[in-house]
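Okay, so here's the structure we're looking at.
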2 protein chains.
Amino acid sequence: MTEGRSTDTRERILDAAETLFMAHGYDGTSMRLITGAAEVNLAAVNYHFGSKGALLQEVFRRRLDWLNAERLRVLDDLERKAGGKPLKPSLIVDGYFGTLLRMAQDEACGGVTFLRLLGRTLTEPSDFIRAFLANEYKEVIERYKAALFKALPDVPKAEIVWRFHFMLGATSYTIAGTDALRLVTDWQIEDADANDRLDRLLPRLMSFLLGGLRAPLPEFPDNA
Amino acid sequence: MTEGRSTDTRERILDAAETLFMAHGYDGTSMRLITGAAEVNLAAVNYHFGSKGALLQEVFRRRLDWLNAERLRVLDDLERKAGGKPLKPSLIVDGYFGTLLRMAQDEACGGVTFLRLLGRTLTEPSDFIRAFLANEYKEVIERYKAALFKALPDVPKAEIVWRFHFMLGATSYTIAGTDALRLVTDWQIEDADANDRLDRLLPRLMSFLLGGLRAPLPEFPDNA
DNA sequence: TTATAGCTAAAATGAACGTATGAATCATGA
DNA sequence: TCATGATTCATACGTTCATTTTAGCTATAA
């Protein structure tokens, strides 16, 4: 085989990088740490990916391509079944956020590790990764936003965009799972294994998101 | 005066560090960048604060001491007026998150810059800063959690903790304000100045948070 | 077998990092 | 006025960083 060793090295680097970027952030993770954990030579990253930044992009691309394609597939499916009629908001929210959390239960897709890395990186704005993620998400966001506009014709579009934003925040922060304040709240949550907790997280999060999405519209103070 | 030059240098360093940590993260901000922006000598940080890590802590302490004291004061006030009866959830949520966002409108308290730094750092878990923030928030979180338990006696405590967590996420992510996906959503938001946007953000966020907090309880799939 | 391309190994490069040092400068109290 | 302690300054130190280089290894194709 002409690439047996090579693909193995690439995958090992990507797996190690995913875990380490999640744990220590991009700047906090050195090439020596990555190649050490992957048990490959220091130069292998630059040979296979070109640079550290390109490696980070590849870590994301490996998972996001699948995730966002799946999200589009789900939405296509929903819209096909609805035959032109507006979708229920709960279905749209589940298509976007449910698909994400369900991916985390599939270890072959990176499991919770990638989920945490994603949540963390969405609030960590290195310029080059922002541009990359924006492009990677462009189509999906556009489609889901449009679906929400259609599903909630009486709600001002600006309000929907804001609430979509809030939902993204609640989800990202939750899946980052390493927030500083978790130490404080003496976590009387069930100590089941990660998959069990993930099972119950999805309904919990979904209730919260839908409650927020359908909340009464805010009233602004007069500042004319 | 025995400290004129000194306090000025300290403040300039803290201001510069606050802005730069916000923009580039902790690891991404070098001492040379900080001291350059503050127009002080490179050695000044180590002289006045001891180390880069201690500087970061001081950046937070300067704002958080006031913020969390104010949160406690507000809660004390509410509970005193209620005279032992449970508080309305909206008042509790406003006491916690409203106080935070109102602080951002006071430029003397750091304004949006500190708000963004806080939002960003809450998901950026350097071990030492996690421990510091956990300690800094300990009392406030405990008090507000207890108030919510009392205000919502029919809701399981675990559920309240989760939803408090989701609220923290939505808020942190929003105030970080630098999330990667903002580029995507062609932001048809009013182009008013920062304070105007902040004026309307608070009611918007509050509606969302309360909607989520009061949402119907989730139903879990049977996995017995 | 030999040439070639794909890949790995080990070492070196130059830049940037946080921190430490000792001299210079300043304000202050006797 | 002058000695003193606080602060600022320029500079150097020892690491660690991402990346590059050069040589060597392995497997396929002619």
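Naming: A, B, ... by sequence-line order, numbering from 1 per chain.
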Run the salt bridge (charged side-chain N to carboxylate O under 4.0 Å, His left out) check on A/E11 and A/R62 step by step: do they pass? CA-CA 10 Å; A/E11 288 297 311; A/R62 180 169 68 144; 3.1 Å; yes
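Listed here is the closest heavy atom pair of B/L91 and B/L78: O-CD1, 3.8 Å.
Between A/T9 and C/dC7, a side-chain N or O to OP1/OP2 separation shorter than 4.0 Å is absent. Phosphate proximity of C/dG6 to A/H48: absent, as no side-chain N or O sits under 4.0 Å from OP1 or OP2.
Screening A/F166, A/F208, A/F97, A/Y96 against A/T171 for a side-chain contact (heavy atoms from CB on, under 4.5 Å) leaves a single residue, A/F97.
Summarising the geometry, the separation between CG on A/L56 and C1' on D/dA18 is reported as 15 Å, rounded to the nearest angstrom. In this structure, A/N46 places its CG atom 18 Å from P of C/dA11, rounding to the nearest Å. Here the P atom of nucleotide C/dA16 and the NZ atom of B/K52 are 15 Å apart, to the nearest Å. Following rounding to the nearest Å, A/Y47 (OH) and D/dT21 (C1') show an atom-to-atom distance of 15 Å. Going from atom NE2 of A/H24 over to atom P of D/dC17 covers 12 Å, rounded to whole Å. Rounded to whole Å, atom P of C/dC7 lies 14 Å from atom CZ of A/R12. Taking atom CG of B/D8 as the reference point, atom C1' of C/dA27 lies 15 Å away to the nearest angstrom.
Applying the salt bridge (charged side-chain N to carboxylate O under 4.0 Å, His left out) test to A/D77 and every residue at least two apart in sequence or in another chain returns A/R80, A/K81. For B/R32, there are no side-chain hydrogen bond (donor to acceptor under 3.5 Å, both in side chains) partners, not counting sequence neighbours.
Within residues 29-42 of chain A, the residues that place at least one heavy atom under 4.0 Å from DNA chain D are, in residue-number order, A/T29, A/S30, A/M31, A/R32, A/L42.
Using a distance-only test at 3.5 Å, with no hydrogens or angles considered, a donor-acceptor pair links the side chain of B/Y144 to the main chain of B/R71.
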